[in-house]
Amino acid sequence: MNAIRTTVLTAAVTGLTLASLATATAAAAPAPKFLSAGQLPAAGTPWTAEPVRKGLPEYGSVCTAGVVPASGSSYREFRTELDTTGRQTTTVAATTAKAKALVAKIDQRIAGCLDRLAEDGIIGEAFYHGRIDVEEGADVYNVDTSHPEIGSADAQLISVGRDGRTVTVLEIGHLGWTLSEELDPFRASTRTAVAKLY
């Protein structure tokens, strides 16, 4: 009987030790790194980077809002003095499979962006600019929109990249003009963003 109790106790202690090690390993896992202001495409005035914050911002982006979970996410806002804004949102999923699924959902959300905006009278064009070979890959999009009744126009570059179970979305928007000439610098920023995560 004592031998059985000793075996059970040893198994319980071993289980607790393994659980503690797993918890310590998870706690020690490094947080993903974010771009700095100087790693964004050059703008008319210098970029300013806000602190990295946990969760999601109060207002989601036009094409990607509603798909990224607040749990496991962090974001950094960027801005300039001339109507140019940026945001990097990074989500650490529970598994690689869930990270892959999140990328697919974000891609679908971007693909349906213009259809959703059309319900509010907004028209535009959307372009897929291909894949970047960095870590598990990144995809780049360009969405240009205008509101004929108001007379406003917006341009947005969006990229979605993944490193293991971590997904990062980089977005740059500008009021009133196209960002097509910023495509190559944006691709470079995207590559840096994904490579810099860990």
Side-chain angles (χ1 to χ4, degrees), residues 25-26 28-43 46-57 60-65 67-80 84-113 126-144 155-174 178-198:
T25 301
K33 295 182 177 64
F34 282 71
L35 291 174
S36 64
Q39 292 172 317
L40 294 178
W47 286 100
T48 299
E50 295 187 0
V52 174
R53 295 182 170 88
K54 291 184 178 180
L56 295 176
S61 300
V62 172
C63 288
T64 60
V67 64
V68 176
S71 177
S73 293
S74 300
Y75 69 96
R76 167 172 272 176
E77 302 272 15
F78 303 90
R79 65 190 73 256
T80 72
T84 304
T85 59
R87 176 183 293 161
Q88 183 182 3
T89 306
T90 298
T91 305
V92 181
T95 65
T96 299
K98 289 185 177 181
K100 289 180 180 179
L102 178 58
V103 169
K105 288 180 181 178
I106 297 171
D107 287 338
Q108 290 173 358
R109 186 76 176 169
I110 296 170
C113 183
F127 306 93
Y128 172 61
H129 292 293
R131 195 164 179 81
I132 299 174
D133 184 16
V134 55
E135 299 302 340
E136 275 67 61
D139 295 296
V140 179
Y141 304 86
N142 178 200
V143 181
D144 294 332
Q156 189 172 30
L157 288 167
I158 312 168
S159 62
V160 185
R162 182 173 68 87
D163 181 356
R165 60 190 184 95
T166 301
V167 177
T168 193
V169 179
L170 180 62
E171 300 169 272
I172 291 178
H174 196 287
T178 179
L179 285 171
S180 57
E181 66 273 18
E182 300 296 329
L183 180 58
D184 287 341
F186 182 76
R187 288 176 66 88
S189 293
T190 296
R191 180 181 294 279
T192 301
V194 178
K196 186 179 181 178
L197 287 171
Y198 298 104

Atom pair NZ (K100) and CD (E136), whose distance is rounded to the nearest 0.5 Å: 8.0 Å

Can N142 and F186 be said to form a side chain to side chain contact (heavy atoms under 4.5 Å, CB included), step by step? CA-CA 10 Å; N142 178 200; F186 182 76; over 6 Å; no

Once rounded to the nearest 0.5 Å, what's the spacing between atom CD1 of I132 and atom CZ of R187? 4.5 Å

Pairwise side-chain contact, R165 with T95, heavy-atom cut-off 4.5 Å (strictly under): no

Heavy-atom nearest pair, D133 first then R191, reads O-NH1, 3.0 Å

Checking L183, I158, L170 against V140 for side-chain contact (heavy atoms from CB on, under 4.5 Å), the one that qualifies is L183

Criterion side chain to side chain contact (heavy atoms under 4.5 Å, CB included) on Q156 and S61, from CA distance to verdict: CA-CA 10 Å; Q156 189 172 30; S61 300; 4.2 Å; yes

Output the distance between atom OG1 (T192) and atom CG (L197), rounded to the nearest 0.5 Å. 11.0 Å

Could you go through the side chain to side chain contact (heavy atoms under 4.5 Å, CB included) check for E171 and T85 one step at a time? CA-CA 8 Å; E171 300 169 272; T85 59; over 6 Å; no

What are the two closest heavy atoms between C63 and R109, and how far apart are they? O-CG, 3.0 Å

Ignoring hydrogens, what is the shortest heavy-atom contact between A43 and W47? Give both atom names and the distance. CB-NE1, 3.8 Å

Look up atom OG1 in T91 and atom CD1 in I106, then write down how far apart they are to the nearest 0.5 Å. 6.5 Å

Heavy atoms of T64 and V67 approach each other most closely as O-CG1, 3.2 Å

All heavy atoms of Y198 vs all of V92, minimum pair found to be OH-CG2, 3.8 Å

Mind checking whether D107 and Y141 have side chains closer than 4.5 Å, heavy atoms only? yes

I need the I110 CD1 to K105 NZ distance, nearest 0.5 Å. 14.5 Å

S189 side chain vs Q39 backbone, donor-acceptor pair below 3.5 Å: yes

Paired with T168, the side-chain hydrogen bond (donor to acceptor under 3.5 Å, both in side chains) test is passed by just one of K33, K196, Q88, namely Q88

Side chain to side chain contact (heavy atoms under 4.5 Å, CB included) between E182 and I172, intermediate numbers included: CA-CA 10 Å; E182 300 296 329; I172 291 178; over 6 Å; no

